Amino acid sequence: MFTKKAFTQNLEKPACIKHGLKKRLVLVDENDDEDDEVSQDMESAGLEDNGNEWYNLRSQDQDDEYDDMDLTESTNNDDEIQEDDSHDDLEGEDNALVQDQLHRPELEKNNRFEISKTNKRGPTMLHLVHTRKVNEREVIICNEFGQPVGPATKEKDIVGKFSRFLGTIARNHSYAPLTYSSWHKVPHKDKIWEYVLEKYDVPYAAKTWVLKTIGNDYKVHKCRFKKKHFYRYKDNKTRLMNRPKNISADDFSQLLRLWSNKDVEKRCLRAKEIRMSQKNMHTAGPKSFARVREEMRNDDPNKELPSLTKVFERTRKRTEGRSYLDTYDDTAMKIEQMKNYKPPEDRSDLVDPFTVVMNKEHDGYLRLYGRGVTKKMLKKMDGGEEPYMIPGGLMESFQASLEVEKTQLFEMRKEIEDDHQRKKAEIEAMKKDFHSQQGHFESRIQSIFKKLPIEVLQDLQDE
């Protein structure tokens, strides 16, 4: 059963922070469809991708959330491919020897590094958001695909904090236990969605994106958890002795049985090979492609959406002076091919050079659009979809407020008209009174002149 009390208990600081040693856990806020591209390759090979260290292959100093990641150990973190619980048998001595042989190079390399003694920030907790009341919720604005794109300003990035909030849910054992072999098997996703709506006012169309994002953050968290508590030690006995305090002994033992399975290990190694073979990695950081596209549309004088070629070039831009793990030669060549592409003369329809250079799209999703966008959704948008979505309750509130304002404006206009008529009547009355007094004054003057002697009248005329 999911309760706020249980959720709050899981938000307590880890033991390493309480004792003054803060080991940073990195949260990927808003991942994009680049991970989907990798997953498609893995699915075609019959693998399940539960490791998401794709971001380790980006710029080494791309953002302060990544500064403490050991990039030399990135290959250890991709091996989190899991399978059904039917393989969860207790490991024997032979299996322990196999694990030791498979991971001995990684273990020897890991042992050369000591945990930093410097005090560093822990994982993002966002206590203020989790303790927020319903009437304090912030509104999230989505684009036509149901992807959050705002509000975001230089002073306050609400949508960015919203993504980090989803990451805290993915790391919470009450909502997303690590004992499940994949995010697809985590139950009660509707409960998670309901909790999100308690803290943010989100359009219903964003539900798919929200759950996919939490699922991706769940994979990232599980992968780094495995690196920290599985690969660091050579046998399960040592791992159990160093069990983290935020997971029970039974759950941790179940995880160890799963990760020690030989079939799972082989699939992990295969998945790692596929991930390491990827090229043209983006440098957009944790910002989603949906937000990148929205920024490019706002920068355009005509407020038009950017082409896929422009998005590809923007998300592969490299900063001079920074070091990157992969070469830029292949990416630069493809960008140049897109810029120089000329469609055949016998072709009348417009084709984006990106689709020609990078080959056709995979089934089920579209590249460079962000998480959750499909060809069907794109066709629906071409049929005249609204460019932005806001929560239904907020829309009703706007309409009610608009009606109130219209009524108030009508009443103000009526008051102004009545006041105008009243002042007009007052002016007419004042004119009438003035003319009356003027006539009375002239008659008084005439009567006075008549009573004056003739000599006086003559003197007045002479003057």
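Since this is a predicted model, take the numbers as computed values, not measurements.
- Side chains of H229 and R243 form no contact here, defined as non-hydrogen atoms less than 4.5 Å apart.
- In this structure a side-chain-to-backbone donor-acceptor pair under 3.5 Å is missing from N236 to R239.
- For an aromatic pair to be called close, the ring centres must be under 6.0 Å apart, and H130 with F165 satisfies this.
- Once rounded to the nearest 0.5 Å, the distance linking OH of Y324 with OG1 of T331 reads 11.5 Å.
- Two residues are said to be in side-chain contact when any heavy atoms from C-beta on lie closer than 4.5 Å; M296 and V311 meet this criterion.
- For the pair K226 and F230, the cation-pi test (distance below 6.0 Å, angle within 45°) is passed.
- Under 4.0 Å is where a charged nitrogen must lie from a carboxylate oxygen, and between R314 and E295 at least one such pair does.
- Residues E138 and K156 are paired through a salt bridge, judged by an N-O separation under 4.0 Å between the basic side chain and the carboxylate.
- Ion pairing of E273 with K266 is absent here, as no side-chain N (NZ or NE/NH1/NH2) approaches a carboxylate O to less than 4.0 Å.
- In this structure, L308 CG and K310 NZ are separated by 11.5 Å, a value rounded to the nearest 0.5 Å.
- Across all their heavy atoms, T168 and T124 have their closest contact at CG2-O, 3.2 Å.
- Residues F289 and Y369 place their aromatic rings such that the two centres sit no closer than 6.0 Å.
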Show the numbers, then the answer: is there a side chain to side chain contact (heavy atoms under 4.5 Å, CB included) between I247 and F225?
-> CA-CA 11 Å; I247 185 172; F225 184 90; 4.1 Å; yes
Apply the test side chain to side chain contact (heavy atoms under 4.5 Å, CB included) to residues R257 and N261: give CA-CA distance (whole Å), side-chain angles for both, the deciding distance (0.1 Å), then the verdict.
-> CA-CA 6 Å; R257 290 195 300 270; N261 184 274; over 6 Å; no
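- Side chain of D300 to backbone of N302: a donor-acceptor contact under 3.5 angstrom is found.
- Electrostatic pairing of K133 and E198 does not count as a salt bridge here, judged by no charged N lying under 4.0 Å from a carboxylate O.
- Taking the ring centre of Y200 as origin, the terminal cationic atom of R132 falls inside the region bounded by 6.0 Å and 45° from the ring axis.
- One finds a salt bridge joining K334 and D330 here, because a Lys/Arg side-chain nitrogen approaches an Asp/Glu carboxylate oxygen to under 4.0 Å.
- With Y218 contributing its side chain and P177 its backbone, the two residues share a donor-acceptor pair below 3.5 Å.
- Nearest heavy-atom pair, I169 versus I192, reported as atom, atom and distance to 0.1 Å: CG2-CG2, 3.9 Å.
- In this structure D250 satisfies the side chain to side chain donor-acceptor pair (under 3.5 Å) test with no other residue, sequence neighbours excluded.
- Atom NZ of K207 is surrounded by more than 12 heavy atoms from other residues, nucleotides or ligands within 6.0 Å.
- Looking at heavy atoms from C-beta onward, T315 lies in side-chain contact with V292 at the 4.5 angstrom threshold.
- Between R318 and D326 a salt bridge is recorded (basic side-chain N to carboxylate O distance below 4.0 Å).
- Put simply, the side chain of L197 reaches to within 4.5 Å of the side chain of V202, judged on heavy atoms.
- Comment: K279 does not engage D329 in a salt bridge, judged by the lack of any side-chain N to carboxylate O separation of less than 4.0 angstrom.
- Taking CG of L305 as the start and CZ of R293 as the end, the distance is 5.0 Å to the nearest 0.5 Å.
- Listed for the R367 side chain is a donor-acceptor partner under 3.5 Å among the backbone atoms of M358.
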Between K222 and D217, is a salt bridge (Lys or Arg N to Asp or Glu O under 4.0 Å) present by the stated rule, with each step listed?
-> CA-CA 8 Å; K222 197 168 188 179; D217 291 342; over 6 Å; no
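- To the nearest 0.5 Å, the span separating CG on L126 from OG1 on T131 amounts to 10.0 Å.
- Of all non-hydrogen atoms in I141 and P151, the two that sit nearest each other are N-CD, 4.3 Å.
- Taking both residues in full, the closest heavy atoms of T355 and V351 are given as OG1-CG1, 3.5 Å, listed atom of the first, atom of the second, then distance.
- Side-chain atoms of T238 never come within 3.5 Å of backbone atoms of Y233 as a donor-acceptor pair (strictly under, hydrogens ignored).
- Using a 4.5 Å heavy-atom threshold, the side chains of R291 and D157 count as touching.
- T374 has its side chain out of reach of L366: every pair of non-hydrogen atoms, C-beta onward, lies at least 4.5 Å apart.
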Applying side chain to side chain contact (heavy atoms under 4.5 Å, CB included), run through C223 and K227 and close with a yes or a no.
-> CA-CA 6 Å; C223 178; K227 172 186 175 181; 6.0 Å; no
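- A cation-pi contact links K189 to W183, judged by a cut-off of 6.0 Å to the six-membered ring centre and 45° from its axis.
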Begin from the C-alpha positions of T213 and R371 and carry the test side-chain hydrogen bond (donor to acceptor under 3.5 Å, both in side chains) through to its verdict.
-> CA-CA 8 Å; T213 300; R371 182 175 292 114; 3.1 Å; yes
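- In terms of heavy-atom proximity, A170 sits nearest to I214 at CB-O, 3.5 Å.
- Between E294 and R297, at least one side-chain N (NZ, or NE/NH1/NH2) sits under 4.0 Å from a carboxylate O, which counts as a salt bridge.
- The two residues K303 and N298 come nearest to each other via the heavy atoms NZ-O, 2.6 Å.
- Atoms CD1 and CG, on I274 and L269 in that order, are 11.5 Å from each other to the nearest 0.5 Å.
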Steps toward side chain to side chain contact (heavy atoms under 4.5 Å, CB included) verdict (D201, I140) | CA-CA 6 Å; D201 197 355; I140 298 298; over 6 Å; no
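- Note that the CG atom of N280 and the CE atom of M333 stand 8.0 Å from one another [nearest 0.5 Å].
- In this structure, the side chains of V357 and F312 stay at 4.5 Å or more apart for every pair of heavy atoms.
- Between D251 and H173, some side-chain heavy-atom pair lies under the 4.5 Å cut-off.
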